[in-house]
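Labels below follow one simple rule: chain letters A, B, ... track the order of the sequence lines, proteins then strands, and each chain is numbered from 1.
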Protein chains: 2
Amino acid sequence: MPNDSSKDGYHHGDLRNALLSAAEGLLVQHGPGGLSLREVARVAGVSHTAPYRHFSDKAALLQALARRGFERLHAAMTDAAAGVPHGPEQQLIAAGIACVRHAVNHAEITQLMFGGTLASTVDAAGDMSGRDAFAALQTIIESGISAGVFRQREPRELALVAWTSMHGLAMLMTAGLLEVDTGNPAALDQLVGSVASNVIYGIAR
Amino acid sequence: MPNDSSKDGYHHGDLRNALLSAAEGLLVQHGPGGLSLREVARVAGVSHTAPYRHFSDKAALLQALARRGFERLHAAMTDAAAGVPHGPEQQLIAAGIACVRHAVNHAEITQLMFGGTLASTVDAAGDMSGRDAFAALQTIIESGISAGVFRQREPRELALVAWTSMHGLAMLMTAGLLEVDTGNPAALDQLVGSVASNVIYGIAR
DNA sequence: ACCTGAACACCGTTCAAGT
DNA sequence: ACCTGAACACCGTTCAAGT
C-alpha cells in the first residue's frame with residue numbers, strides 16, 4: 001500500500017500542499033484558533049509529527065496559508081480593476097468590491113491575514129502584509145491624479161482612505177459585526193459601492 | 001474569618017474583577033490566543049477551576065474583557081466629540097482620533113473585540129459589537145446633516161464610511177500592518193486627521 | 001456558596017528510532 | 001530524506017469532595 005501503482009499525490013513532496021489544503025478546510029470549519037496541527041496531519045493522513053518536515057512551526061503553516069490569501073486578494077483586486085477601462089473612479093470601486101468579496105468569501109483566512117494572531121510573525125516576515133493590495137489601490141489613485149479626476153495630493157495619502165475604508169468594511173463583515181446579507185451578492189456590491197463613492201466624493205456639503 | 005479586618009480584595013466577590021485584571025495583563029503580555037485560563041487563575045492566586053465560578057467558559061471571560069473594551073471605546077469617542085464644539089467636521093475628526101488612539105493604546109483588546117476569535121460568541125451576544133461606537137459617529141453625522149455641512153443622505157450611509165475608515169485604520173495599526181510611528185502621538189493624530197478629512201471632503205476633483 | 005485536587009481528553013513540540 | 005511512536009509539559013473542562 002505504500003508503493004501503490006496510482007500516485008495518490010501524497011508521500012513525495014506534495015505533502016506540503018496537502019497539509020495546506022487540509023488546514024484551509026479545517027480553518028473554514030472550526031474558525032481560526034480552533035485549528036490544531038495534529039488534526040491537520042490526521043486529515044492529511046500522516047502522523048502528527050510529519051508536518052514538521054515541511055513547516056517549522058504551527059505559526060509557519062498559518063503564515064503560509066495567509067500568504068496564499070494575500071496573493072489571491074491582490075490578484076482579485078488587480079483583475080477587477082483591469083476589467084474596467086471606464087476611468088479611475090470605476091476602477092477604484094471595482095477593486096473595492098473585489099476586496100470585500102474576497103474577504104466575505106474567505107472570511108476565516110481574512111481574519112487570519114489581518115487578525116492579530118499572526119501579528120508578530122507577519123511582522124517578522126515583513127514582505128507580505130497586504131502591501132501588494134495597497135499598492136494596487138495606489139496605482140489606480142495615481143492614474144486618477146494624472147487624469148485630473150483626483151485631488152493633487154500624495155498618492156499614498158489618498159490611497160490610505162480607500163484602503164482603510166475597504167479594509168474596515170471587510171473586517172467588520174468577516175467578524176460578523178455588520179448587519180448585512182452577505183449571501184446576497186447584489187446587496188453586497190451596492191453597499192461597497194456606496195462606501196467607495198462616498199470615499200471618492202466625500203460626505204461634506 | 002469571612003469578615004477579616006484586612007479585606008485583601010479577593011475572596012468575597014472581587015475575584016471576578018481580579019480575574020479580568022489578570023487576564024488583561026496577560027493579554028497584553030502574551031497577545032490574544034496566548035492567554036490561558038489556568039495562567040489567569042495562577043496570577044489571580046486561585047486554583048485553576050475557580051474561574052468557572054464566575055465565567056462559564058474561557059470564551060465568556062474573553063467576552064467580558066471585550067465588553068469592557070467596547071464601553072471604553074464608546075466613552076472615549078463621545079467624550080472627545082463632546083469636548084469639541086467647533087462643528088460636526090471637527091467633532092468627527094476628534095471622535096476618529098479618539099477611536100484610533102484607543103485602539104493603539106489597547107491593541108490586544110482591540111484585536112479581541114474585532115478579531116474573529118470571538119466572532120460566533122459576539123454574534124450570540126449581539127448586544128455589544130461596537131454598536132455604540134457606530135451610533136456615536138452617526139449622531140455627529142446627523143447633526144452635521146441638519147446643520148447643512150454634510151450631504152443630505154441616509155445618516156447610516158454616511159456614518160458607515162467614517163466608521164469603516166477609522167475601524168480599518170485602527171485594525172491595520174493594531175495588527176502592525178501599517179508603517180507608522182504609533183509611539184508618536186502627534187504623528188498619529190495627524191495621520192488620522194488626514195484620513196478623516198479625506199473622508200469628509202472626498203478624494204475626487 | 002465558594003474553592004479545591006484529581007482526572008480526562010486534548011494540544012504543540014522534541015527526539016530517538018525506523019526505512 | 002522522510003516518516004513514525006513515545007514522551008514532556010502544557011491546555012480547557014468536569015466532577016466529587018472539602019469548608
What is the distance, rounded to the nearest whole Å, between atom CG of A:D57 and atom P of C:dG12?
-> 11 Å
C:dC11 phosphate, OP1 or OP2, under 4.0 Å from A:R42 side-chain N/O | yes
Secondary structure of DNA chain D in dot-bracket form (Watson-Crick or G-U wobble, distances below 3.5 Å, | marking inter-strand pairs) | ||.|||||...|||||.||
Mapping A:K58 and B:R38 to their closest nucleotides on DNA chain C, which lands nearer the 5' end?
-> B:R38
Residue pair A:L92 / B:I203, side-chain heavy-atom distance below 4.5 Å = yes
Figure out the NE2/C1' separation between B:H30 and D:dC10, and round it to whole Å.
-> 13 Å
Does the side chain of B:H54 get closer than 4.0 angstrom to OP1 or OP2 of C:dC3 through an N or O atom?
-> yes
Is the closest basic N to carboxylate O distance between B:E71 and B:R131 below 4.0 Å?
-> no
Any side-chain N or O of A:Y52 less than 4.0 Å from the OP1 or OP2 oxygen of C:dT14?
-> no
Looking for any heavy atom pair under 4.0 Å, which part of the strands does B:L35 touch: base, sugar-phosphate only, or nothing?
-> sugar-phosphate
Report the distance from atom CG of A:D14 to atom P of D:dC2, rounded to the nearest whole Å.
-> 13 Å
Atom CG of B:L61 and atom C1' of D:dT13: how far apart are they, to the nearest Å?
-> 14 Å
Considering only C:dC11, C:dT13, D:dT4, which nucleotide approaches the side chain of A:S47 most closely?
-> D:dT4
Taking atom C1' of C:dT14 as reference, at what distance in whole Å does atom CG of A:L37 sit?
-> 13 Å
Ranking B:R53 and A:A50 by the position along DNA chain D of their nearest nucleotide, the one closer to 5' is A:A50
Please tell me if the side chains of A:R42 and A:H48 come closer than 4.5 Å, counting only heavy atoms from C-beta onward.
-> no
Can you sort out the partners of A:A170 under side-chain contact (heavy atoms from CB on, under 4.5 Å), two or more places apart, ordered by chain and number?
-> A:A103
Taking only N and O in the side chain of A:H48, is any of them less than 4.0 Å away from OP1 or OP2 of D:dA6?
-> no
is_close_aromatic(A:F114, A:F70), centroid dist under 6.0 Å | yes
B:S36 side chain N/O closer than 4.0 Å to the phosphate oxygens (OP1, OP2) of D:dC11?
-> yes
Carboxylate-amine/guanidinium proximity below 4.0 Å for A:E142 and A:R153 = no
Any side-chain heavy-atom pair of A:R151 and B:Y201 under 4.5 Å = yes
What does A:T49 touch in the nucleic acid at a heavy-atom separation under 4.0 angstrom: a base, only the sugar-phosphate, or nothing?
-> base
